[in-house]
Amino acid sequence: MSDITLYSWPTPNGIKASIALEELGLSYKTVPMNIGTNIQKEDWFLKINPNGRIPAITDGSQRVFESGSILLYLADKYDADRKISYAPGTPEYIEQVSWIMFQTGGIGPMQGQANHFRLFANIRSDYGIKRYIDETKRLFSVLEDQLKESAWLAGDKYTIADIANYSWVQMAPGALEIDLAEFPAVQKWVDEIKKRGAVQKGTNIPDSGRTEEARLEGFKNARAKIDAMKNTDLH
Ligand SMILES: N[C@@H](CCC(=O)N[C@@H](CS)C(=O)NCC(=O)O)C(=O)O
């Protein structure tokens, strides 16, 4: 029996938690955390996630913060049937953890910086844009090499390792104009994951009130705003 509350917003880190909760068919309450309002920095929430970011969950008196930890916690506690994870102690478990760490330590921070410079900064830095988009693409090429050999990142089934990486990769075409045709095995894997009911549902939890079209339009406008600025890199 679970007593889970999810504190989240439909961002690439947020949807990792909601997709996993949906895949496991768990019941949970959701507290919408519109990060645009900075609610994630309020004192009450810092007691749940001292890092002041989403997602976080509580399960009874247990708090869990950091999206990678949430995936591992949910798998450990609620995936006895190993629907989306491998059992601790197996070689596949270690592989699964490695790909989760690859995402939380690599794709997340690098693609996050690419998003910052390409969409949200109040200066235009062509250096920052190129550096982080190039690094994001390099990391995608690491996924490509793995997915050319195997349909899923860890072992022979869809797991929380795929959920972690998918949640970021799926955003790259719309936000950064990264063409996944450059990474055909990644594209095929994204298309396959996107078909899953739990992924479609989890991607929109909580409901931000914005349609996919509005989100894409928002990215386009944000890029245009940066493009209209003068490059501020030092020479
Ligand atoms: N390492 C953290 C990163 C969490 C994170 O950066 N979340 C973003 C949304 S994707 C956030 O809360 N941003 C708001 C802020 O930085 O205040 C994780 O994997 O959970």
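Indexing begins at 1, ligand by ligand and atom by atom, following the structure's order.
For atom 20 (O) of ligand 1, the closest heavy atom belonging to the protein is S67 N, 2.9 Å. Among all protein heavy atoms, the one lying closest to atom 9 (C) of ligand 1 is T11 OG1, 3.5 Å. Atom 3 (C) of ligand 1 has N13 ND2, 3.5 Å as its closest protein atom, hydrogens excluded (heavy atom only). Considering only non-hydrogen protein atoms, atom 13 (N) of ligand 1 sits nearest to I35 CD1, 3.8 Å.
Judged by the shortest distance from any of its heavy atoms, M33 lies outside the 4.0 Å radius around the atoms of ligand 1. In this structure, P109 has no heavy atom closer than 4.0 Å to ligand 1.
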Quick one: side chains of residues 115-122, donor-acceptor pairs under 3.5 Å with protein atoms, not counting sequence neighbours, listed by atom name and distance.
from	atom 1	to	atom 2	distance (Å)
R118	NH1	D227	OD1	3.1
R118	NH2	D227	OD1	3.2
R118	NH2	D227	OD2	3.2

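Within the set E66, M171, Q103, the minimum heavy-atom distance to atom 18 (C) of ligand 1 is found for E66.
Heavy atoms from other residues, nucleotides or ligands lying under 6.0 Å from NZ of K41 number more than 12. Around atom NZ of K220, no more than 12 heavy atoms belonging to other residues, nucleotides or ligands sit under 6.0 Å away.
Applying the 4.0 Å criterion to heavy atoms of P55 picks out, from ligand 1, the atoms 20 (O).
Note: an N/O pair closer than 3.5 Å links Q40 and ligand 1 by distance alone. The distance criterion of under 3.5 Å between nitrogen or oxygen atoms is met by K41 with respect to ligand 1. Residue R53 has at least one nitrogen or oxygen atom sitting less than 3.5 Å from a nitrogen or oxygen atom of ligand 1, judged on distance alone. Polar contact check, G14 against ligand 1: no nitrogen or oxygen pair lies under 3.5 Å apart. Where the criterion is an N or O separation shorter than 3.5 Å, residue side chain and backbone included, N38 fails it with respect to ligand 1. The shortest N/O to N/O separation between W168 and ligand 1 does not fall below 3.5 Å.
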Audit row: K148, D145, salt bridge (Lys or Arg N to Asp or Glu O under 4.0 Å) steps and yes/no
CA-CA 5 Å; K148 270 198 303 219; D145 288 345; 3.5 Å; yes
Checking E23 against Y158 for the side-chain hydrogen bond (donor to acceptor under 3.5 Å, both in side chains) test, could you report, in this order, the C-alpha distance in whole Å, the side-chain angles of both residues, the deciding distance, and whether it holds?
CA-CA 11 Å; E23 290 283 7; Y158 165 82; 2.7 Å; yes
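For the pair Y7 and R63, the minimum side-chain heavy-atom distance is 4.5 Å or more.
Applying the side chain to side chain donor-acceptor pair (under 3.5 Å) test between W168 and each of T104, N13, T136 identifies N13 as the sole match. Checking each of K137, R131, K130 against D134 for a side chain to side chain donor-acceptor pair (under 3.5 Å) leaves exactly one that passes, namely K130.
Take D156 and apply the side-chain contact (heavy atoms from CB on, under 4.5 Å) test, not counting sequence neighbours, and it matches Y86.
Remark: the W99 side chain and the N165 side chain contain no N/O donor-acceptor pair separated by less than 3.5 Å.
When non-hydrogen atoms are compared, ligand 1 lies under 4.0 Å from the backbone of I54 as well as from its side chain.
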